[in-house]
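Within every chain, numbering begins at 1; the chains are lettered A, B, ... in the order of the sequence lines, protein sequences first and strands thereafter.
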Protein chains: 2
Amino acid sequence: MKQKKENLDAIYDRLRLSIRKNGLKNSKQREFILKVLYENGGHLSPEDILMLAKDSYRGASISSIYRILGFLEKEGFVHSIEIDKSGKKYEIAGGTHHDHIICVDCGKIIEFYSKEMEELQEKIAKGHGAKIISHDMRIFAVCKECAKAQNL
Amino acid sequence: MKQKKENLDAIYDRLRLSIRKNGLKNSKQREFILKVLYENGGHLSPEDILMLAKDSYRGASISSIYRILGFLEKEGFVHSIEIDKSGKKYEIAGGTHHDHIICVDCGKIIEFYSKEMEELQEKIAKGHGAKIISHDMRIFAVCKECAKAQNL
DNA sequence: GTATTTGCAAAGACTTTGCATTTGA
DNA sequence: TCAAATGCAAAGTCTTTGCAAATAC
């Protein structure tokens, strides 16, 4: 499904580096969340992660998940997108940036990357004298399968 | 600042039409919110609108504002964007679709329209067999003024 | 008159925070 | 050892909902 460019151990190494850099301490929970996102490869809500965590160890807490996801996002290990009003979903930060097509029928998320789009954005921002920090592009659409199902 | 393509009365007419079409009844509050967004021309939060409403009549309620904004958005009179995690902001739906550059420093919102961008999105969606319903593109950047201020 | 809208208060959903306890360097 | 991370519960936001009173057609 999704290419895994970097293996989990390598990510853990980067994580430990990042933790040390910030003068923090490692924890099972941080590694667990990173692992879950890595292995799932998709987009999980904090609640989804909690459920998976509860299977693995008792006492997993939603607040820690929020805190950890906040840290992981700040450090660039994960990205979040807002699929709908039910809250954010997180995915592991793979090597390549990408944007999302979200099916308004089935909720499926299709990832895409367009060099043209990135360049165009750069051009637009420059035209307004602004310096891009990041962007967020969501295309809401009816996916191939749902379109087919509707045309029966 | 912002061009007003359609005058307020014309918008009211469309509103009444829309209300009748849905078998509903007109109300001062609906017209008020539309007017506020029209005259402000910018991006207002429900709370912003509430404050303005409180100046105009006692007993303005936040729940009505949410309800009305929901209706107005469904009917295409207003659009919403999520600037940050503090919630949605609403603007009057002008004639032309546009996207937003959001300054991460001062919060300023710059509107832009790019035909190329629209076409590119269409192409990307088509490439995935998806039919675009809408899109939402936000570029987070440091605006010209903030960049200048920082380079002192 | 009667169905829709409103205002108010209460409830919901998602997220954050305070604090005692546990854990890692 | 001792600061950082966790779990739990409580509190915070933004938003929605239930319901009686007001309003429009």
Just how far, in rounded Å, is [atom2] of [N] from [atom1] of [X]?
| X | N | atom1 | atom2 | value |
| --- | --- | --- | --- | --- |
| A:Arg30 | D:dT6 | CZ | C1' | 11 Å |
| B:Asn26 | C:dT6 | CG | P | 9 Å |
| A:Leu15 | C:dG24 | CG | P | 14 Å |
| B:Ile68 | D:dT15 | CD1 | P | 15 Å |
| B:Glu73 | D:dT16 | CD | P | 10 Å |
| A:Ile19 | C:dT23 | CD1 | P | 17 Å |
| B:Asp84 | C:dT15 | CG | C1' | 14 Å |
| B:Lys88 | C:dC14 | NZ | C1' | 14 Å |

Does a side-chain N or O of [X] approach OP1 or OP2 of [N] to a distance below 4.0 Å, or not?
| X | N | result |
| --- | --- | --- |
| B:Lys28 | D:dA24 | yes |
| A:Gln29 | D:dG7 | yes |
| A:Ser27 | C:dG24 | no |

Strictly by modelled atom types, are [X] and [Y] linked by a side-chain donor-acceptor pair under 3.5 Å?
| X | Y | answer |
| --- | --- | --- |
| B:Ser64 | B:Gln29 | no |
| B:Glu91 | B:His100 | yes |
| A:His43 | A:Asp48 | no |

Could you tell me whether the side chain of A:Lys85 has a donor or acceptor atom within less than 3.5 Å of a complementary atom in the base of C:dA13? no

Using a cut-off of strictly less than 4.0 Å between a heavy atom of the residue and any atom of DNA chain C, enumerate the qualifying residues of residues 54-66 of chain B by number. B:Tyr57, B:Gly59, B:Ala60, B:Ser61, B:Ser63, B:Ser64

Can you figure out which of C:dT17, C:dC8, D:dA24 approaches the side chain of B:Arg67 most closely?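 The listed nucleotide nearest to B:Arg67's side chain is C:dC8.
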
Under 4.0 Å between a Lys/Arg side-chain N and an Asp/Glu carboxylate O for [X] and [Y]?
| X | Y | value |
| --- | --- | --- |
| B:Glu82 | B:Lys89 | no |
| A:Glu75 | A:Lys21 | yes |
| A:Lys123 | A:Glu118 | no |

May I ask you to check whether A:His79 and A:His97 place their ring centers less than 6.0 Å from one another?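 Ring centres of A:His97 and A:His79 not closer than 6.0 Å.
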
